[in-house]
Protein chains: 2
Amino acid sequence: MSLKHAIMVLLETEAGSGYDLLKRFKQRLGFFWQASHQQIYQQLKVMHQAGLINCQLDIQQGKPDRKVYAMTEAGHEELLAWLHKACKPQKINDSLLVKLYGGHLLDKSTLLAEVRQHKSQHEKALLIMRDIEQQYAQLQGAERDNLALPFLTLRRGILGEQAWLAWAEEVEMFLME
Amino acid sequence: MSLKHAIMVLLETEAGSGYDLLKRFKQRLGFFWQASHQQIYQQLKVMHQAGLINCQLDIQQGKPDRKVYAMTEAGHEELLAWLHKACKPQKINDSLLVKLYGGHLLDKSTLLAEVRQHKSQHEKALLIMRDIEQQYAQLQGAERDNLALPFLTLRRGILGEQAWLAWAEEVEMFLME
DNA sequence: TTCTTCATGTAACCAGTTACATGATTCG
DNA sequence: CGAATCATGTAACTGGTTACATGAAGAA
C-alpha cells in the first residue's frame with residue numbers, strides 16, 4: 001500500500017487536515033495518484049492509531065472543526081524506510097485497450113466515438129499541465145530549485161499525454177478508413 | 001470491475017481453462033492488463049455461477065484435469081453490453097512518481113539508482129514489443145487484417161514506453177548534475 | 001537433483017468504490 | 001434560491017494481494 005506513503009509525503013512538508021490533503025492530492029499528485037475523500041479519512045484514522053501521525057483539533061468559528069494531522073518521528077522514519085526501498089513497477093489495467101482488443105465485436109464508428117471522448121479528456125489534461133509548466137518556466141532561483149522534482153513529475157504527465165494523443169491519431173486513422 | 005470482461009474478450013474467440021487464460025493474459029493483454037492466477041480462478045468460479053460461462057471437464061492422461069470454460073449466450077450479451085457503454089478514464093497510481101515528488105528527503109544518487117532500475121525494465125519491455133511489431137510487419141492479407149486491433153494496442157505500449165524512456169532521460173540529466 | 005511447466009485451488013487480509021449521512025457558509 | 005465550498009465521517013461491498021497448498025512430468 002502506498003496511499004499511506006503518499007499522504008506522508010504531503011504531510012512531511014506541512015501539517016494538514018483530511019480536507020487539506022484531498023486538495024493537495026488533486027493539485028499536486030493528481031496526475032499520477034488518485035484518492036477519494038473516503039479513502040483519505042479512513043487512512044488518516046488508521047495512521048493515527050498506528051502512531052505515524054498525530055492529531056490536533058482546530059476549533060473554528062462559522063466553519064466545521066478541523067482535525068489537523070502532522071507527522072510524528074515514527075512516521076518520518078517509516079517514510080524514509082519506504083523511500084529507500086525499491087518500489088515495484090506500476091500496475092496498468094486499462095479497460096479501453098481491452099475494449100479495443102475485442103473491438104471486432106463492435107462497429108468502427110462506436111469505437112471511434114469512444115476513442116474521441118477519451119481523447120478530449122487527455123487533451124484537456126495536457127492543456128492544464130502545459131499551463132503549470134509555463135508558470136514554472138517563469139520562476140527563478142531558489143523557488144525554481146525547490147520545485148525541480150515536482151516539475152519532473154509534471155514532465156512525466158506531459159510526455160505521457162503527448163504519447164497518448166499521438167497514439168490516438170494512429171487509432172483514428174485506422175478507424176476512419 | 002473489468003477482469004470479468006477481459007476474460008470474456010479472451011474466451012469469446014476461443015474456449016479455455018484458467019491456466020490457458022493466464023497464459024493468454026500474459027501474451028496478449030499483458031502490456032495493459034495484469035491478472036494473477038488466483039484472481040482468474042476465482043473470477044471464473046463466480047462467472048460460472050452467474051451463468052456467463054459454462055464449464056466442461058477435460059480429463060487428461062499424465063497431466064492434471066482441465067476445466068475448459070466457454071462463453072454462454074448470456075455471457076456474450078453481457079460482453080456486448082459492456083463494449084457498448086463508455087468506460088471511465090484509466091486510473092493511475094504510480095508510486096515511483098510519489099517517491100520522486102518527495103525525493104528531497106533522499107540523496108540524488110539513491111533516486112538515480114531507482115530510476116535506472118525501472119528504466120532497464122521499460123527498455124526490456126520495449127524490446128519485446130518491438131519484436132512483436134516486426135513480426136506483424138511481415139504479415140499480409142487476412143492474417144494482418146485480423147490482427148489490426150491487437151496491433152493498435154501494441155502500438156499504445158510502444159509509444160507509451162518510448163515516452164517513459166524519453167522522460168527518464170530528463171530525470172537522469174537532472175539527477176546527475 | 002533441481003528447475004520449469006502443467007493444473008488447480010483456499011483463506012486471510014488489504015485496498016478501493018459506492019452509497020449513505022450531516023450541516024453551515026458563501027457566491028451568483 | 002440553488003450551487004459550490006468547507007468539513008467530517010460510516011457501512012457494505014467489490015476487487016486484488018499474499019501466503020499457503022498439492023502433485024506429477026519432463027528437461028537440464
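The sequence lines fix the lettering, A, B, ..., with proteins before strands; numbering per chain opens at 1. We use all heavy atoms of the structure for the numbers below, so side chains are in, but hydrogens, waters and symmetry mates are not.
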Gap between atoms [atom1] and [atom2], on [X] and [N] respectively (whole Å):
{"X": "A:Y19", "N": "D:dC6", "atom1": "OH", "atom2": "P", "result": "4 Å"}
{"X": "A:L22", "N": "D:dT8", "atom1": "CG", "atom2": "P", "result": "10 Å"}
{"X": "A:F25", "N": "C:dG16", "atom1": "CZ", "atom2": "P", "result": "10 Å"}
{"X": "B:L21", "N": "C:dT8", "atom1": "CG", "atom2": "C1'", "result": "14 Å"}
{"X": "A:R66", "N": "D:dA7", "atom1": "CZ", "atom2": "C1'", "result": "9 Å"}
{"X": "A:I40", "N": "C:dT18", "atom1": "CD1", "atom2": "P", "result": "15 Å"}
{"X": "B:L44", "N": "C:dT10", "atom1": "CG", "atom2": "P", "result": "12 Å"}
{"X": "A:L57", "N": "D:dA7", "atom1": "CG", "atom2": "C1'", "result": "12 Å"}

Q. Do any N or O atoms from the side chain of A:E170 and from the backbone of B:R155 form a donor-acceptor pair under 3.5 angstrom?
A.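 Judged by distance alone, no pair lies under 3.5 Å.
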Q. At what distance, to the nearest 0.5 angstrom, does CE of A:M47 lie from NZ of A:K4?
A.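 Atom-to-atom, A:M47:CE and A:K4:NZ are 7.5 Å apart.
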Q) Any cation-pi pair here, B:K108 with B:F174, using under 6.0 Å and within 45°? A)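 Flagged: B:K108 positioned over aromatic ring of B:F174.
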Q: Find out whether the Lys NZ or Arg CZ of A:K99 is both under 6.0 angstrom from the six-membered ring centre of B:W82 and within 45° of the ring's axis.
A: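 Satisfied, under 6.0 Å and within 45°.
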Q) Is the distance from OP1 or OP2 of D:dT5 to the nearest side-chain N or O of A:K23 less than 4.0 Å? A)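 A:K23 to D:dT5 OP1/OP2: no side-chain N or O under 4.0 Å.
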Q.
A quick test of your reading: do over 12 heavy atoms of other residues, nucleotides or ligands sit less than 6.0 Å from CD of A:Q38?
A.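 Enclosed: over 12 neighbouring heavy atoms sit under 6.0 Å from CD of A:Q38.
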Q) With distance as the sole criterion, is a donor-acceptor pair present between the side chains of A:H5 and A:E78 under 3.5 Å? A)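 A:E78 and A:H5 do have a side-chain donor-acceptor pair below 3.5 Å.
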Under 3.5 Å, which N/O atoms of the protein pair with N/O atoms of nucleotides 15-19 of chain D?
| unit_1 | atom_1 | unit_2 | atom_2 | d |
| --- | --- | --- | --- | --- |
| D:dG15 | OP1 | B:M1 | N | 3.3 |
| D:dG16 | OP2 | B:Q39 | NE2 | 3.1 |
| D:dG16 | O3' | A:K91 | NZ | 3.2 |
| D:dT17 | OP1 | A:K91 | NZ | 2.7 |
| D:dT17 | OP2 | A:K91 | NZ | 3.0 |
| D:dT17 | OP2 | B:Q39 | OE1 | 3.2 |
| D:dT18 | OP1 | A:K88 | NZ | 2.7 |
| D:dA19 | N6 | B:Q38 | NE2 | 3.0 |

